[in-house]
Visitor: 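Handing you this structure, nothing more for now.
Labels below follow one simple rule: chain letters A, B, ... track the order of the sequence lines, proteins then strands, and each chain is numbered from 1.
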Amino acid sequence: MRLGYPCINLSLSCRSSKTFRLASFSEERFRSTVMANLRCLSEILSLNATSGLLFFRITSDLIPFASHPVNTLPWQDEFRTEFKRIGFFIKNNRMRVSMHPDQFVVLNSLDEGIVSRSVAELLYHADVLDLLGTGKDAKIQIHIGGVYGDKVASIERFIERTRSLQLRVARRLVIENDDRLYSLRDCLGVHKKTGLPVVLDVFHHSWNHHGESMREAILLAEKTWHKPDGPLLIDYSSQEKGRRPGSHAGTIDIRHFTSLLGQAMDRNCDVMLEIKDKDRSALRALKLLRVQGTERKTSRGIT
DNA sequence: CCCTGTCAAGTCACG
DNA sequence: CGTGACTTGACAGGG
């Protein structure tokens, strides 16, 4: 099991998601920002490798305005070497990376404009992972989208649109259960018709489910992943006490995470910790995992 | 230098 | 109808 955290490392001062206002777009500004972001990304990955965090979600803001019409630069060519270098590092350290486009990507929207912008954004995400030279296990995770008052039709639209995606996007696409609209069961239904693997967000599942226990959910989601996709992806978080239901914890709840490990440790999966203090909690989780792993081995040795 | 309104993009819930 | 949550800051202009 590899552990990771999303996008930002709080112990480093750099950010790989630096941006600027659309109004101040210029080729110079774009190039220098991308260069700085890529440099920061390699710093983060290098630190992660040293500390044993072998899973990382790359920010969608890595390339500012990547899929926006204002950006006509062939950035894929301009930064090919830098991407390649980072990709080698990932591979050499047996790391896994993923991406999670934000809420603006809605494949099943009723608005064709939103759909085409979403497709362009997905292509950008695939570009990044392709330029890194990552294998098929480097995934792009999205939600199914809106409901628009008719869930059946909305799911059908989602399925149709994933079918017309370019292969280099489709091969990386995975779907994730959300906390209100599309549950694990909905995602499994979409998987059945499309073959898309299902990321299990255990936090969302705890709010939006149909009675499946966490263990059942893990086993169900695991079955949607085939060998080339890599191990099942799990997104993990816990409730921040005293805040509204659904807010992510500020720091890891050791008890809660230990219980997840109990459910997931014997499975083939990688876990993304969506906790606000990022790498700090991920490191604590890693310590915990190592202790548990040792205990498991020991007890197996005895029995 | 600090403050703060606003930022490319969507959907839904709520008051 | 307008605003906040999701997640999440931080850009950039004005004082």
Side-chain angles (χ1 to χ4, degrees), chain A residues 4-10 12-26 28-30 32-34 36-37 40 44 57-73 75 98-125 140-151 153-155 157-158 161 175-183 186 199 201 203-208 235-240 242-251 272-281:
Chain A
Y5 61 94
C7 306
I8 297 173
N9 182 297
L10 292 176
L12 290 172
S13 56
C14 72
R15 296 291 177 262
S16 55
S17 51
K18 278 272 178 200
T19 186
F20 46 84
R21 295 287 179 260
L22 177 58
S24 40
F25 188 96
S26 73
E28 297 71 27
R29 187 77 190 268
F30 175 79
S32 63
T33 306
V34 171
N37 284 349
C40 183
I44 296 173
R57 181 184 299 162
I58 297 174
T59 174
S60 294
D61 295 330
L62 188 68
I63 311 292
F65 304 100
S67 69
H68 191 282
V70 75
N71 184 3
T72 54
L73 274 85
W75 58 269
S98 66
M99 296 183 84
H100 191 342
D102 41 24
Q103 70 268 38
F104 311 111
V105 170
V106 186
L107 275 185
N108 74 349
S109 175
L110 295 165
D111 179 334
E112 284 299 330
I114 292 171
V115 177
S116 60
R117 285 192 288 278
S118 297
V119 171
E121 185 72 358
L122 287 175
L123 276 166
Y124 149 60
H125 284 76
I140 302 170
Q141 61 188 85
I142 60 171
H143 296 291
I144 293 177
V147 170
Y148 313 99
D150 185 345
K151 203 165 183 180
S154 295
I155 288 177
R157 260 194 328 280
F158 179 86
R161 285 173 187 161
I175 48 180
E176 179 187 358
N177 60 309
D178 67 67
D179 57 349
R180 312 190 320 280
L181 308 176
Y182 294 98
S183 63
D186 295 324
V199 175
D201 186 311
F203 190 45
H204 291 161
H205 183 73
S206 69
W207 298 110
N208 185 12
D235 278 358
Y236 169 83
S237 191
S238 64
Q239 175 65 36
E240 173 71 17
R243 304 222 23 214
R244 29 155 299 188
S247 9
H248 289 210
T251 193
M272 177 71 61
L273 284 104
E274 297 182 329
I275 309 283
K276 291 209 176 99
D277 66 1
K278 307 281 179 181
D279 46 304
R280 188 160 169 267
S281 283

Visitor: Any donor-acceptor pair under 3.5 Å linking the side-chain atoms of A:Ser154 with those of A:Asn108?
Guide: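 Side chains of A:Asn108 and A:Ser154: no pair found under 3.5 Å.
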Visitor: So which pairs with a foot in residues 58-71 of chain A pass side chain to side chain donor-acceptor pair (under 3.5 Å), sequence neighbours left out?
Guide: A:Ser60-A:His125, A:Ser67-A:Glu121
Visitor: A:Gln141 CD to C:dT7 P: how many Å, rounded?
Guide: 12 Å
Visitor: Using atom CG of A:Asp61 as one end and atom C1' of C:dT7 as the other, report the distance to the nearest whole Å.
Guide: 11 Å
Visitor: Would you mind classifying the nucleic acid contact of A:Val147 as base, sugar-phosphate or nothing, using non-hydrogen atoms under 4.0 angstrom?
Guide: sugar-phosphate
Visitor: Check for me whether the distance between the ring centres of A:Phe20 and A:Phe65 falls short of 6.0 Å.
Guide: yes
Visitor: Regarding A:Tyr148, tell me which of base, sugar-phosphate or nothing describes its non-hydrogen contacts under 4.0 Å with the strands shown.
Guide: sugar-phosphate
Visitor: Would you write out the dot-bracket form of DNA chain C, 5' to 3', with Watson-Crick and G-U pairs under 3.5 Å, [ ] for crossing pairs, | for pairs to other strands and . for unpaired bases?
Guide: ||||||..|||||||
Visitor: Taking the ring of A:His248 and the ring of A:Phe203, is the distance between their centroids below 6.0 Å?
Guide: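 Yes, the ring centres sit under 6.0 Å apart.
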Visitor: Between which nucleotides of DNA chain B, 5' to 3', does chain A make heavy-atom contacts below 4.0 Å?
Guide: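 Going 5' to 3' along DNA chain B, contacts run B:dT6 to B:dC12.
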Visitor: How does protein contact run along nucleotides 8-15 of chain C, one letter per nucleotide 5' to 3', with B for base contact, S for sugar-phosphate only, - for none, heavy atoms under 4.0 Å?
Guide: S-BBS---
Visitor: Under the salt bridge (Lys or Arg N to Asp or Glu O under 4.0 Å) rule, collect the residues that match up with A:Glu112, sequence neighbours excluded.
Guide: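 Here the qualifying residues are A:Arg161.
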Visitor: Applying salt bridge (Lys or Arg N to Asp or Glu O under 4.0 Å), can you list everything that pairs with A:Asp178, at least two apart in sequence or on another chain?
Guide: none
